[in-house]
Each structure stands twice: as structure tokens, then as C-alpha cells.
Q: 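Got a structure here, written out as C-alpha cells. Questions coming.
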Amino acid sequence: MSSVAEQPEPPVEPYRPGRWIALAVLVLAVLLVAVDATVLGLATPFLSEDLEPTGTQLLWIGDVYSFVIAGLLVSMGSLGDRIGRKKLLLCGATAFGAVSVLNAYAHTPEMMIVARALLGVAGATLMPSTLALIRNLFHDPRERSFAIGIWGAMASAGAAVGPVVGGFLLEHFWWGSVFLINLPVMAVLVVVGVKLIPESKNPAPGPWDLPSVVLSLVGMIGVVYAIKEMAAHGVGWASALVGVAGLLALVWFVRRQFRLTAPLLDMRLFHHRGFSGAVLADLLTILGLSGLVFFLSQFLQLVQGRGPLEAGFAELPAAVGAVTAGLLAGTVARRYTVRVVVSGGLGAIGLALATVAAVHRDTDYPLIGALLLVVGVGAGFAFTVTSDVILSSVPKEHAGSASAVSETAYELGAALGIALLGSIVTHSYQSFTAPEGTPPAVSSAAHESLGGAVESSHLLPAHEAAGLVSAAQDAFVDGLHVASVVGAVVLMATAVAAWFLLRGQELEEGIAHE
């Protein structure tokens with residue numbers, strides 16, 4: 001590994017005072033960024049009633065945050081390597097808190113879209129900075145593995161905690177409160193971070209290449225946007241052109257990195273088999289997993305009739321499993337090897353996804369809860385160990401760029417998963433036949449989405465409404481079954497690929513596994 005050649009750290013470094021307090025603040029920031037990506041979904045009905053956005057504006061309000069984060073992660077990771085990760089983190093945290101206020105008090109759809117985009121810029125500074133700073137806080141490999149486990153657990157738990165936090169706030173306060181919860185945490189991060197977080201950066205970084213920043217931003221946003229558009233509306237000329245433009249920008253970006261003496265992203269990192277294998281495992285795992293989480297949330301609410309808060313609590317086993325497995329992952333990987341833990345975690349998620357094909361409208365919660373727990377455990381093991389591999393397999397001066405690649409794989413995998421698996425669910429769903437006599441306008445609205453079917457059914461007499469909703473729910477569950485099987489195949493294939501790509505990979509440099 002490239003990190004083997006690094007000079008050993010001074011012996012006092014592993015015992016930096018306050019490192020665990022600093023870690024606690026860092027992971028709180030990660031938790032908030034992850035929560036912020038999911039919490040808006042619950043607030044959308046309230047926001048729509050207040051701001052009255054058009055359908056297109058509503059889509060941009062929901063998507064622009066993840067678009068901007070995906071487009072800027074690599075650039076911000078590289079910027080942190082150059083100007084200092086602590087400096088970037090504290091500036092980003094201050095901006096995240098300030099822009100959260102702008103989001104909370106937005107009074108027009110246009111203002112909300114801009115505010116969400118700015119929040120994405122700030123969020124892009126936080127995710128790679130926090131993981132890279134852990135490398136600088138914890139020089140002892142075993143301590144670092146445990147710290148990364150905590151970081152990974154919080155990142156994984158955010159998606160499950162978001163609906164619970166959002167549901168509670170929306171039942172007691174107005175929709176802007178889901179953004180204002182960011183303020184106290186970011187304030188603590190800045191105050192504690194100034195005192196306890198050490199600065200770290202690449203000692204010889206070279207200039208920050210702005211053309212590469214633009215190419216990365218245009219490429220990632222173009223690809224992610226095209227995928228989401230095609231999933232929602234099918235393949236069209238506009239989305240296809242945007243996707244092709246995004247791919248060309250990314251190809252240009254890669255070619256440019258090879259020519260630069262100080263690239264924004266050192267493409268030689270991918271020559272390391274462990275690094276490439278871990279990144280690929282992250283991307284494909286999220287691809288298979290995100291579709292399940294996204295559509296299972298709809299299943300719990302629109303098929304089984306749970307409220308937002310109840311559905312949020314129903315998804316908590318995934319967070320519990322992720323947190324528990326994340327804390328144990330480093331120890332288990334050292335005992336049973338990296339590839340056993342990662343492949344085993346991916347295989348467990350694949351089996352859980354395959355079992356979703358047996359879920360129906362009246363399935364009791366214990367089975368659903370057990371499936372979510374298995375998914376959480378598998379994800380906790382896989383993500384924590386791959387994050388550790390990504391950080392430990394590159395020189396520490398590239399920690400920010402490596403962390404950004406890991407996060408970009410996560411964002412791109414989520415977009416691909418919801419888009420590809422979503423298109424399967426949507427195609428299956430839209431093929432259902434509305435009961436005879438259903439008015440064309442109601443039938444058209446019902447075929448748009450399951451939520452549309454529930455809403456439009458209110459215009460019909462009770463017995464006709466029940467028939468329409470029942471047919472729509474059956475079609476949605478059928479689509480969920482097909483998508484879960486496809487997701488299971490993806491996860492199983494990824495488990496096999498990880499077994500070969502992570503062969504010989506170790507968490508602790510120079511020390512053989514038992």
C-alpha cells in the first residue's frame with residue numbers, strides 16, 4: 001500500500017487531548033447533513049401549501065441540494081487538501097448554519113431553490129472534511145477504525161433518523177423548523193472545532209484548477225439530473241442531451257487530471273486495487289440499497305397507512321443495525337479479513353432485498369423490521385470497512401480527495417439506485433388498470449404516482465375510491481417486488497466483486513491478519 005512508505009507519526013500524536021470530543025462534534029455534523037437530505041420529503045406537503053411552487057419548482061427544491069453536493073464533493077475535498085481541512089470545515093459549518101436560516105424563512109419558490117443550492121455548497125465542504133480530519137485526529141490504526149465506525153454509523157443512521165426528526169418537528173412546529181435544528185449543532189462545531197480540531201493539509205498542494213472544478217460540477221450535475229429525469233419521465237431528447245454533456249464533461253475532467261502536475265483529483269489513487277474496490281463497493285451497494293429505502297418508506301405510508309412519524313420509527317431498526325455494526329466493524333475485519341466482512345455485509349443486504357419480494361400489503365411489521373435490521377447491519381459493516389480502506393490506502397496528504405471520492409460514490413449510487421430501480425417500480429405501477437367507470441382525469445392522476453392515486457381517489461364515491469386505491473397499491477407492491485429482486489442481484493454481484501478486488505487488503509498497514 002502507498003501508505004506503508006509514510007513516516008511514522010510522533011508517539012504523542014495518537015493521544016491528542018480532546019480527540020474524542022472533537023470526533024463527537026464531527027459526527028454530529030455528518031448526521032445533520034445526512035438528515036437534511038431526507039427530512040425535506042416529509043415537509044414537502046406543508047412547504048407546497050405555503051409557497052405554492054409549480055411542479056417543476058417543487059422537483060428542483062427537492063433535488064438541487066443533492067445535485068450540488070454531488071457536483072462539488074471532489075472539488076471541496078481537493079480544496080480542503082490545499083487550504084486546510086479544518087479551515088474549510090469551520091467555514092462550511094458557519095455557512096451551513098447561516099443558509100439554514102435562509103431555507104427556513106424562504107417566502108418564494110425561487111428563493112427556496114437558491115437557498116437549497118447554497119445549502120448543498122456548504123454541505124459539500126462538511127462531508128469530505130470530517131472523514132479526512134479523522135485521519136489526522138487518530139493516528140493509531142485501531143483507534144482510527146473505531147472512529148471511522150462511529151462516523152459511518154452516523155452517516156448511515158442519518159437517512160433513518162431524518163424521518164423521525166422531521167415527523168416530530170412537523171407535528172409540533174412549522175416546516176421551517178426542520179432547517180433551524182442545524183443552528184445549535186453548527187455553533188457547537190465551530191466553537192469546539194477552533195479549540196480541539198487540528199489543522200491538516202497537503203504540504204505541497206499546487207494550485208486549485210478552476211477548469212477542473214467547473215468540469216466536475218457540470219459533469220456530475222448533468223449525469224445525476226439526466227438519470228433522475230429519465231426515471232421520472234422516460235428517455236427524452238432534453239434529458240439525453242444533458243446526460244451526454246455530463247458524461248463528456250467527466251471524460252474531459254479525467255483527461256485533464258492526467259495532464260496536470262497538481263490535479264484536482266489524483267487519478268493514480270485508482271491504481272490501488274483496494275481503493276478502487278472499496279469505491280466500487282460503495283457505489284453499487286448504495287445503488288441497490290437506496291431504492292429499497294426510498295420505496296419502502298412509501299410502502300409503509302401509502303400502502304400500510306402509517307403516519308410520517310410512525311413510518312420513521314418503523315425504519316429505525318436499520319439505524320440501530322448500522323450503528324452497532326459500524327462500531328464493531330474494525331475489530332471484526334481485523335479478525336476475519338476485510339473481504340470477508342465487506343462481502344458478507346453486501347451478501348446480507350442482498351438476501352434481505354430478495355426477501356422483500358415476499359412482502360405484501362398485509363405483511364406484519366416484525367418481518368419488515370427484521371429485514372431493515374439485517375440491511376442496517378450489512379451496510380454498517382460494509383460502509384465502515386470500505387471507508388477505512390479508502391482512507392488507509394492513500395497517502396495522508398490526499399485524505400480529503402479520497403474522502404470526497406467515497407462521498408461522491410455514495411451520492412452517485414443513491415441517484416442511480418432511485419432512478420434505475422425507480423423506473424422499474426414506475427413502469428410496473430403505471431401498467432395497472434383503473435376500475436371501470438373511473439373518470440379519465442382521476443385515472444390519469446392515479447397513474448402518475450401512488451400518492452396521486454390516494455389524493456385523486458378523494459374525488460370518487462367511497463366504494464369506487466377503495467377499488468382505485470387497492471388496484472394502485474397492488475401495482476406498486478408488484479413493482480417493489482421486481483425492483484427488490486434486481487437490487488438483490490446487484491448486491492450479490494457486488495459481494496462477489498468485492499471478494500476478489502479486496503483480496504489481501506488489510507486495515508492495519510504492515511500487520512498481517514490472524
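Heavy atoms only: backbone and side chains are in, while hydrogens, waters and symmetry mates are out.
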Q: At their closest point, which heavy atom of Gly347 faces which heavy atom of Ala495, and how far apart are they?
A: N-CB, 3.9 Å
Q: Taking the side chain from Asn103 and the backbone from Ala115, do they hold a donor-acceptor pair closer than 3.5 Å?
A: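 Checked: pair present.
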Q: In Å and rounded to the nearest 0.5 Å, what is the OG1 to CG distance from Thr355 to Leu371?
A: 5.5 Å
Q: With a 3.5 Å distance limit and no angle check, can you tell me whether Gln304 reaches the backbone of Asp362 through a side-chain donor-acceptor pair?
A: no
Q: Return the minimal non-hydrogen interatomic distance between Ser484 and Ala357, and the atom names on each side.
A: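 Of all heavy-atom pairs spanning Ser484 and Ala357, the closest is OG-N, 3.6 Å.
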Q: Of the non-hydrogen atoms in Gly380 and Ala329, which two are nearest, and what is the gap between them?
A: O-CB, 4.3 Å
Q: Got a sec, which residues hit salt bridge (Lys or Arg N to Asp or Glu O under 4.0 Å) with Asp478, two or more places apart in sequence or on another chain?
A: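 For Asp478, no residue satisfies salt bridge (Lys or Arg N to Asp or Glu O under 4.0 Å) once neighbours in sequence are set aside.
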Q: Looking only at heavy atoms, what is the nearest atom pair of Met112 and Ala106, with distance?
A: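 Answer, listing the atom of Met112 first, then Ala106: SD-CB, 3.6 Å.
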Q: With Val385, which of Leu502, Val342, Val340 fulfils side-chain contact (heavy atoms from CB on, under 4.5 Å)?
A: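 Answer to the side-chain contact (heavy atoms from CB on, under 4.5 Å) test with Val385 among Leu502, Val342, Val340: Val342.
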Q: Are side-chain heavy atoms of Leu183 and Leu180 found at a separation under 4.5 Å?
A: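 Yes - at least one pair of side-chain heavy atoms lies under 4.5 Å apart.
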Q: In sequence, state the C-alpha distance, the side-chain angles, and the governing distance for Met186 and Ser100, and then conclude on side-chain contact (heavy atoms from CB on, under 4.5 Å).
A: CA-CA 10 Å; Met186 291 303 161; Ser100 294; over 6 Å; no
Q: Strictly distance-based, threshold 3.5 Å: is any side-chain N or O of Ser177 a donor or acceptor partner for the main-chain N or O of Trp174?
A: yes
Q: Whether the side chain of Ser343 engages the backbone of Trp499 through a donor-acceptor N/O pair (distance < 3.5 Å, no angle test) should be reported.
A: yes
Q: Checking side-chain contact (heavy atoms from CB on, under 4.5 Å) between Leu346 and each of Val496, Leu491, Val341, which is the one that passes?
A: Leu491
Q: Sequence neighbours excluded, which residues qualify as salt bridge (Lys or Arg N to Asp or Glu O under 4.0 Å) partners of Arg503?
A: none
Q: Restricting to non-hydrogen atoms, name the atom on Ile368 and the atom on Phe299 that form the minimum distance, rounded to 0.1 Å.
A: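 Where Ile368 meets Phe299 most closely, the heavy atoms are CD1-CE2, 3.8 Å.
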Q: Any side-chain to backbone donor/acceptor pair from Thr494 onto Val490? Under 3.5 Å, distance only.
A: yes
Q: How many angstroms lie between OG1 in Thr363 and NE2 in His360, if you round to the nearest 0.5 Å?
A: 3.5 Å
Q: For residues Ile349 and Ala379, report the shortest heavy-atom separation together with the two atoms involved.
A: CD1-N, 3.5 Å
Q: Under a 3.5 Å distance rule, please check whether His481 uses its side chain to pair with a backbone N or O of Phe476 as donor and acceptor.
A: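 Side chain of His481 to backbone of Phe476, a donor-acceptor pair under 3.5 Å: no, none is there.
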